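Taking it in order: structure first as structure tokens, then the write-up.
Every chain is numbered from 1, with letters handed out A, B, ... down the list of sequences. Everything numeric here is computed off the predicted structure, so don't read it as measured data.
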Protein chains: 2
Amino acid sequence: MPKIVNHEEKKEQIAAATWRVVLRDGMKGATVRSIAKEADISLGALRHYFSTQDELLAYAMQLVRERANARIQDILGEDLPPKTMVRRILFELVPLNEDTRAEMDVWLAYVFSLGRKADSLGVQQDMYSGIRKVIEYLEHRRLLREDLDKELTAETLYSLVDGLAMHAFLEPRRLTKERIAAVLTSYLDSICIDE
Amino acid sequence: MPKIVNHEEKKEQIAAATWRVVLRDGMKGATVRSIAKEADISLGALRHYFSTQDELLAYAMQLVRERANARIQDILGEDLPPKTMVRRILFELVPLNEDTRAEMDVWLAYVFSLGRKADSLGVQQDMYSGIRKVIEYLEHRRLLREDLDKELTAETLYSLVDGLAMHAFLEPRRLTKERIAAVLTSYLDSICIDE
DNA sequence: ATTTTTATAATACGGTTGTGCTGAAAAGGA
DNA sequence: TCCTTTTCAGCACAACCGTATTATAAAAAT
């Protein structure tokens, strides 16, 4: 056997380089050459790990999803008051620090570059059902106002979260993280029973 | 003087071809060549109206904005009950028919392809202030619940509108227009005084 | 009819793209 | 030591990109 190199680790390094390039130059600048340069490897080496550009981008972007999922799973493992836990989870889906902001920006640039393919590729498919579960969790803990339509509330919260992420991308100077947090908190309060 | 050709009209035809290309192939496929082909003109003819690609795209996308603005101005000119007028305006900002959906999809693909330039270019500048005015209009007509923070409410509504547009783009099969209308209507009701 | 200006077409050019191909270097197993 | 397999580098190629240049056609103005 040849030189030992952790395949998965190397692929993640390349994915990280991909993120940096997308953040710096947008999806248009995310060429295989510039990514290889950013990762400080040759074009041939890059192609050894990803045989096509689509494969590379799909991997790099799926990794973004997995990271976000992992963070949410961590929060679910903690022992927190229900409403605090819900707020913490929602705060992970919205750009409140430089890391999550970078993740969101990369993700948004990618999904919108897919054009009409985004639907069939099923990007962000389990997001709505995830938000749905959050709402049901609130109801189960008797924290949700009882006059609300659960489906509509979930859809509203879901749109609110991604709308905030979108505006944080397009207008980062106007939409500060404090403002994002305030919007999300106030909406959460508005659908919860006040006590 | 030479052959008479309505300059502005021709540019709008080319812009329309640009929209079709972006919808079909995404921003990546929006090359000057494919746009010229879609508009059924030569590359040289295209270049006679737009000397650079950026200029063409900027024109085509600003036209999208102007169309939306014009539709809203039309509604403002009508004589409608205040809440109906507000709902009608919000419905123009969200993809509820094939035309507005196409407009939104093209617009979203464009602004996200700009990457970090979007902020400095000030795309969708006056959107927030526009929503702000809608909220103030509701308050002035004594329709807005008085316990609400106006700024936060405007920011929430703004994010909700664009979040819905975004999801209509990414998940058109799940998020039907009926559902979009229901979400927007229910949120509008929730911030208005019930009577 | 001739001039002049615009509209359009055709072609060219330098650069970049994704991807394929070849071969060498490296390193564990025999 | 030799062999096999992985890792990686480099180059090549065809296609496409945005833009520039040039030439032709058309039509209003003189």
Using a cut-off of strictly less than 4.0 Å, decide whether [X] has a side-chain nitrogen or oxygen near OP1 or OP2 of [N].
X	N	value
B/K10	C/dT8	yes
B/T31	D/dC17	yes
A/H48	D/dC8	no

Between [N] atom [atom2] and [X] atom [atom1], what is the distance in whole Å?
X	N	atom1	atom2	answer
A/I41	D/dA9	CD1	P	8 Å
A/I14	D/dC8	CD1	C1'	11 Å
B/D54	D/dT19	CG	C1'	12 Å

| request: Could you tell me whether A/Y49 contacts a base, only the sugar-phosphate backbone, or nothing, with contacts defined as non-hydrogen atoms closer than 4.0 Å? | output: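 It contacts sugar-phosphate atoms only.
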
| Mapping B/A45 and A/S51 to their closest nucleotides on DNA chain C, which lands nearer the 5' end? |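 Here B/A45 is the residue nearer the 5' end.
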
| query | Nearest nucleotide by nearest heavy atom, which residue falls closer to the 5' end of DNA chain C, B/L43 or A/V32? | reply |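 It is B/L43 whose nearest nucleotide is closer to the 5' end.
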
| message | Given D/dG18, D/dT7, C/dT8, identify the nucleotide with an atom nearest to the side chain of B/S42. | response |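 The answer is C/dT8.
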
| task | May I ask you to decide if the ring planes of A/Y158 and A/Y128 are parallel, tilted or perpendicular, using 30° and 60° as cut-offs? | result |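 Rings of A/Y158 and A/Y128: tilted, 30 to 60°.
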
| query | Any N or O donor-acceptor pair linking the side chain of B/R33 to the base of D/dG18 at under 3.5 Å? | reply |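 Answer yes: a donor N or O sits under 3.5 Å from an acceptor.
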
